[in-house]
Amino acid sequence: MKPAADLRATFRAGLVRPTAGLAPGVAQANLIAVPRDWAWDMLLYAQRNPKPCPVLDVSDPGSPATVLAEGADLRTDLPLYRIWRDGRLVEEVPDATAAWRDDLVAFLIGCSFSFEASLIAAGIDVRHISTGRNVPMFRTSRNCRPAGRMRGELVVSMRPIPAERVAEAVTISARFPAVHGAPVHIGDPAGLGITDLDRPDFGEPVEIRSGEIPVFWACGVTPQAAVMASQVPYAITHAPGHMFVTDVPDTEYER
């Protein structure tokens, strides 16, 4: 597998694909960049909702750099971006350079892809990786705690886990609180207001086999739900499942 820097270079050159399972051993991150006059609201929203929005780094206004990967460019080094205006998705692009503004403050938020290598090492199948799909993600009926002008619902990712291994999956992921940590819900999706696991709001559905239980983790797409609900005037985010691959070993976030 290519080192993280080489992988980012392939995205910069135009490769578009989900990043789950790529560069195992390093952490991945969600991206949301908002205008400077919304940055405090975003930071407070993340502080009040640390489970779905664990902040790993915040850029200076206009800067596309991050301490999480020396020499990386947040405008080009993710495989796919989303451009938002007034809370509405207007475009998906593989390069956000033309859309970047001098007033944008970029937040990099922990991603549950970062602990998937540990699940796999324990012999737990991560279905979207083993089947080459994008992780299924769902908007829920649980509202996050609002902050300033920011509000919105919790978004979760789902992984089917054999019933006898659920406790182990919980224990493993709980060691990584900076990248969402332990699940927020186990079992009946109706408890989250999810009506159909075959129709995720983001990503792709995966098979749930006999003896498996759906397990739900807080997801870093939650800020995108807030962009929509709060009608943020302008924002750039990653496309769901298409993360920023850092140079930071995932063990740096393990307790």
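Small disclaimer: the values here were computed from a predicted structure and weren't measured.
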Are there over 12 heavy-atom neighbours, none belonging to Glu92, within less than 6.0 Å of that residue's CD?
yes

Identify the heavy atoms of Leu44 and Gly148 that sit nearest to each other, and give their distance.
CD2-N, 4.5 Å

Taking Val58 as the starting point, is it possible to reach Ile32 by hopping between hydrophobic residues whose side chains are less than 4.5 Å apart?
yes

Side-chain donor or acceptor of Arg151 paired with backbone N/O of Ala229 under 3.5 Å:
yes

Drop me the distance from Ile83's CD1 to Thr237's OG1, to the nearest 0.5 angstrom.
7.5 Å

Carboxylate-amine/guanidinium contact Asp125 Arg127, below 4.0 Å:
yes

Are Arg175 and Phe115 in a cation-pi contact, defined as NZ or CZ under 6.0 Å from the six-membered ring centre and within 45° of the axis?
no

For the backbone of Ala167 and the side chain of Thr171, can you confirm whether one donor and one acceptor N or O come within less than 3.5 Å of each other?
yes

Is any side-chain heavy atom of Val215 less than 4.5 Å from a side-chain heavy atom of Val166?
yes

Just checking, is any N or O donor in the side chain of Thr76 or Asp95 under 3.5 Å from an acceptor N or O on the other one?
no

Checking the side chain of Trp217 only, and the main-chain atoms of Gly181 only, is there a donor and an acceptor separated by less than 3.5 Å?
yes

Show your working on side chain to side chain contact (heavy atoms under 4.5 Å, CB included) between Arg142 and Val155 and close with a plain yes or no.
CA-CA 9 Å; Arg142 291 188 186 179; Val155 177; over 6 Å; no

Looking at Leu15 and Phe11, what are the two nearest heavy atoms and their distance?
O-CD2, 3.4 Å

Inspect the surroundings of CD in Glu70 and state if more than 12 heavy atoms from other residues, nucleotides or ligands are less than 6.0 Å away.
no

Is the number of heavy atoms from other residues, nucleotides or ligands within 6.0 Å of CG (Asp196) greater than 12?
yes

Give a yes or no on this: more than 12 heavy atoms of other residues, nucleotides or ligands lie within 6.0 Å of atom CZ of Arg85.
no

Is it the case that more than 12 heavy atoms not belonging to Arg48 sit under 6.0 Å from its CZ atom?
yes

Roughly how far, to the nearest 0.5 Å, is the CG atom of Leu31 from the NE2 atom of His242?
13.5 Å

Here the pair of heavy atoms bringing Ala72 nearest to Phe244 is CB-CZ, 3.7 Å

Would a 4.5 Å heavy-atom cut-off, applied to side chains only, mark Pro183 and Val170 as touching?
yes

Do Arg159 and Ser112 meet the criterion of a side-chain donor-acceptor pair at a distance under 3.5 Å?
yes

Carefully, step by step, assess Val179 and Phe113 under the rule side chain to side chain contact (heavy atoms under 4.5 Å, CB included).
CA-CA 8 Å; Val179 290; Phe113 289 176; over 6 Å; no

In the structure I gave you, are the side-chain heavy atoms of Leu104 and Ile236 within less than 4.5 Å of one another anywhere?
yes

Are the side chain of Asn30 and the backbone N or O of Gly110 linked by a donor-acceptor pair below 3.5 Å?
yes

Tell me if a side-chain donor or acceptor on Lys51 pairs with a main-chain N or O of Ala182 at a distance below 3.5 Å.
yes

Do Pro223 and Met42 have side-chain heavy atoms sitting under 4.5 Å apart?
yes

For His238, is there any backbone N or O sitting under 3.5 Å from a side-chain donor or acceptor partner on Gln224?
yes

With no hydrogens and no angle check, do the side chains of Ser114 and Gln28 hold a donor and an acceptor under 3.5 Å apart?
no

So do Arg101 and Pro35 actually touch side chain to side chain, heavy atoms under 4.5 Å?
yes

Full working for side chain to side chain contact (heavy atoms under 4.5 Å, CB included) between Glu116 and Ile129
CA-CA 9 Å; Glu116 289 179 335; Ile129 293 179; 3.3 Å; yes

Can we say Arg149 and Asp41 salt-bridge, meaning some charged N sits less than 4.0 Å from an Asp/Glu carboxylate O?
yes

Arg12 vs Asp6, test: salt bridge (charged side-chain N to carboxylate O under 4.0 Å, His left out). Steps then yes/no.
CA-CA 10 Å; Arg12 195 180 311 134; Asp6 289 347; over 6 Å; no

Heavy-atom nearest pair, Phe216 first then Gly187, reads CE1-O, 3.4 Å

Is there a donor-acceptor contact under 3.5 Å from the side chain of His180 to the main chain of Gly220?
yes

Ignoring hydrogens and geometry, is there a side-chain-to-backbone donor-acceptor pair from Asn134 to Glu204 under 3.5 Å?
no

Grouping I, L, V, M, F, W and Y whenever their side-chain heavy atoms are under 4.5 Å apart, do Trp40 and Val105 come out in a common cluster?
yes

If you group Ile, Leu, Val, Met, Phe, Trp and Tyr by side-chain heavy-atom gaps below 4.5 Å, do Leu74 and Val67 land in one group?
yes

Nearest-0.5 Å distance that lies between atom CG in Asp57 and atom CG in Leu68
4.5 Å

How long is the straight-line distance from CE of Met243 back to CD1 of Ile109, given to the nearest 0.5 Å?
10.5 Å

Test item: Tyr81 side-chain N/O and Arg75 main-chain N/O as donor-acceptor pair under 3.5 Å:
yes

State whether Arg209 and Glu212 are salt-bridged, where the test is any N-O pair (Lys NZ or Arg NE/NH1/NH2 against Asp/Glu carboxylate O) under 4.0 Å.
no

Is it the case that the side chain of Arg165 and the backbone of Ala122 share a donor-acceptor pair, with hydrogens and angles ignored and the cut-off at 3.5 Å?
yes

Do NZ/NE/NH1/NH2 and the carboxylate oxygens of Arg139 and Asp201 come within less than 4.0 Å?
no

Student check: side-chain heavy atoms of Met158 and Pro214 closer than 4.5 Å
yes

Approximate separation, where rounding is to 0.5 Å, of Ser230 OG and Trp38 CH2
5.5 Å

Answer yes if Leu80 and Leu22 sit in the same cluster of Ile, Leu, Val, Met, Phe, Trp and Tyr residues linked by side chain heavy atoms under 4.5 Å apart, and no otherwise.
no

Kindly work out whether a path of hydrophobic side-chain contacts (I/L/V/M/F/W/Y, heavy atoms less than 4.5 Å apart) joins Ile124 to Ile213.
yes

Please determine whether side chain to side chain contact (heavy atoms under 4.5 Å, CB included) holds for the pair Met228 and Leu89, giving the CA-CA distance in whole Å, both sets of side-chain angles, and the decisive distance to 0.1 Å.
CA-CA 8 Å; Met228 290 184 268; Leu89 176 64; over 6 Å; no

How many angstroms lie between atom CG of Asp86 and atom OH of Tyr234, to the nearest 0.5 angstrom?
11.5 Å

Residues 181-190 vs side chain to side chain donor-acceptor pair (under 3.5 Å), sequence neighbours excluded, gives none

Under a 4.5 Å cut-off applied to non-hydrogen side-chain atoms, are Thr222 and Cys144 in contact?
yes

Ala29 and Thr246 have their tightest heavy-atom pair at CB-CG2, 4.4 Å

Side-chain touch Val90/Trp84, heavy atoms, less than 4.5 angstrom
no

Looking only at heavy atoms, the pair that brings Pro52 and Leu154 closest together is CB-CD1, 3.7 Å

